[in-house]
Amino acid sequence: MKATSELHRNMSNSFFKFGLLLLIAAIGTFFYKDHFGYTKVTLVGTYKDCRVYTSSKSPEFSTKNVYYVNAVPEDFTKIEIDMERFHTDENYDIYTDSVFRIHSDKVIYSGSVSWSHLKHFFNYKSNELTVYKTEDGKDFPVYHVNADEKEAEREFRKIRAPLAWYCFYAIAGTLGLFCLFNAYRLAKVAANYENKDYTYVPENFHYCSPEEAMAMMAIARENIKDKNMDAKKAADLLNNDFSYYSADHRSERYGRRRRWRDEL
């Protein structure tokens, strides 16, 4: 019992250390990457005096839309005074007939983004747009014009989430909790082996109340007692039969010997 308890205790300690190490690695890595970022980004520049709008496009042979943030030159006012009409036409109004609103369709920037990132540009009011890019050359707009590299990297996670790192956190955390749970179970088993008064009760038995559990344990004890009594009766019966057979066999042999002597 002592050796078994020691074995379970050592296994419990091993599971506890391994599980704790996995949890520390997962949590520590998460806070480190969350603070310092997953991707290095650098500033491309800020487009000034522009109008920002969003759009979507559905590529051929695809059911998913591609979303874009676009920037075009801001609408500007142009004044053209017709001097001939000014001198000859009395109804000519220099303030209404000479002022033109120019709309430009020239796109100075267009970048694809995710839906979660696009939503921040629905009510975009600024006439400036700041753009960053990653190490692999992917440029992306940020919805805070004065965003620094750290804030821009956080916004980029909405465009390209670091799924590989998230999977690592989930797997390491799950394995860590599983190891800690097994460490607890093995420690409990080791403690039970050290307890001389421990009575094993199968874990798949679920009772509604302590009274029900005590009643079921009493029934189990009675069943074991009955089985032991039956086994004892069977053993006694076999012993009696064997003794009876041996006695009859000895008396029969003694009778044969006596008859043989008489014949002589």
Side-chain angles (χ1 to χ4, degrees), residues 22-80 96 99-178:
L22 284 175
L23 287 180
I24 292 176
I27 296 174
T29 305
F30 170 78
F31 282 106
Y32 177 83
K33 299 297 290 185
D34 184 71
H35 181 74
F36 292 100
Y38 294 88
T39 306
K40 181 177 177 56
V41 297
T42 54
L43 177 65
V44 174
T46 299
Y47 296 94
K48 299 181 180 296
D49 299 326
C50 62
R51 179 169 55 88
V52 178
Y53 68 95
T54 61
S55 63
S56 64
K57 181 179 180 182
S58 180
E60 294 182 0
F61 310 107
S62 178
T63 58
K64 295 183 178 180
N65 291 334
V66 180
Y67 303 101
Y68 295 91
V69 173
N70 310 292
V72 297
E74 191 175 21
D75 299 342
F76 62 93
T77 301
K78 182 179 180 181
I79 300 177
E80 293 182 355
T96 57
V99 178
F100 302 93
R101 192 73 173 171
I102 306 298
H103 301 280
S104 177
D105 295 330
K106 179 183 177 182
V107 178
I108 58 178
Y109 175 78
S110 180
S112 61
V113 297
S114 65
W115 171 254
S116 61
H117 193 63
L118 181 79
K119 292 187 294 185
H120 293 279
F121 289 92
F122 286 165
N123 297 317
Y124 193 82
K125 302 298 183 181
S126 178
N127 62 348
E128 297 181 357
L129 181 66
T130 301
V131 178
Y132 277 83
K133 70 175 181 178
T134 62
E135 291 180 314
D136 58 359
K138 166 66 177 177
D139 58 83
F140 63 97
V142 294
Y143 44 83
H144 292 103
V145 178
N146 298 322
D148 56 10
E149 293 183 356
K150 186 176 180 179
E151 188 174 0
E153 192 275 335
R154 288 183 178 275
E155 291 190 25
F156 182 71
R157 298 178 201 176
K158 295 181 175 63
I159 301 175
R160 186 188 298 172
L163 297 179
W165 285 103
Y166 293 164
C167 290
F168 166 74
Y169 301 145
I171 294 173
T174 302
L175 287 177
L177 293 175
F178 176 77

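Remark: the His144 side chain and the Glu155 side chain contain an N/O donor-acceptor pair separated by less than 3.5 Å. In this model, no donor atom of one side chain and acceptor atom of the other lie less than 3.5 Å apart for Thr134 and Thr39. A donor and an acceptor atom, one from each side chain of Lys138 and Ser112, are located under 3.5 Å apart. If you check the side chains of Asn70 and Ser55, you find a donor sitting under 3.5 Å from an acceptor.
For the atom pair NZ of Lys33 and OH of Tyr169, the computed distance is 7.0 Å after rounding to the nearest 0.5 Å. Summarising the geometry, atom CG belonging to Leu118 is positioned 5.0 Å from atom OG1 belonging to Thr54; distances are rounded to the nearest 0.5 Å. Between the CD atom of Glu151 and the OH atom of Tyr132 there is a distance of 8.5 Å, given to the nearest 0.5 Å. Atom CZ of Phe156 is separated from atom OG of Ser114 by 9.5 Å, given to the nearest 0.5 angstrom. In this structure, CZ in Arg154 is found 9.5 Å from OH in Tyr38, a value given to the nearest 0.5 Å. Between the CG atom in Leu129 and the SG atom in Cys50 there is a gap of 5.5 Å [rounded to 0.5 Å].
The 12-atom threshold is exceeded at NZ of Lys158, counting heavy atoms of other residues, nucleotides or ligands nearer than 6.0 Å. Atom CG of Asn146 sits in a sparse spot, with 12 or fewer heavy atoms from other residues, nucleotides or ligands closer than 6.0 Å. Within 6.0 Å of CZ on Phe31 lie no more than 12 heavy atoms contributed by other residues, nucleotides or ligands. More than 12 heavy atoms of other shown residues, nucleotides or ligands fall within 6.0 angstrom of atom OH in Tyr166.
Asp34 has a carboxylate O that lies under 4.0 Å from a charged side-chain N of Arg157, or vice versa, which qualifies the two as a salt bridge.
Side-chain atoms of Thr130 come within 3.5 Å of backbone atoms of Val145 as a donor-acceptor pair (strictly under, hydrogens ignored). Remark: side-chain polar atoms of Glu149 are not paired, donor with acceptor, to backbone N or O of Lys40 under 3.5 angstrom. Distance alone, capped at 3.5 Å, places no donor-acceptor pair between the Tyr47 side chain and the Val52 backbone.
Taking the six-membered ring for Trp and the full ring otherwise, the centers of Tyr68 and Trp115 sit at least 6.0 Å from each other. Taking the six-membered ring for Trp and the full ring otherwise, His117 and Phe121 have centroids separated by under 6.0 Å.
For the pair Pro141 and Tyr109, the tightest heavy-atom approach, listed with the atom from each and the gap, is CD-OH, 3.4 Å. Ala152 and Ala147 get closest at one heavy-atom pair: N-CB, 4.5 Å.
A perpendicular orientation is assigned to the rings of Phe168 and Trp165, their planes being inclined by more than 60° (bins at 30° and 60°).
For the side chain to side chain donor-acceptor pair (under 3.5 Å) test, no residue two or more places apart in sequence or in another chain qualifies with Thr29.
Residues Arg51 and Tyr124 fail the side-chain proximity criterion, which asks for heavy atoms closer than 4.5 Å. You'll find the side chain of Val113 stays beyond 4.5 Å of the side chain of His120, heavy atoms only. Considering only heavy atoms from C-beta on, Lys133 comes within 4.5 Å of Thr42 through its side chain. Side-chain contact check for Tyr53 versus Val72: some heavy-atom pair is nearer than 4.5 Å.
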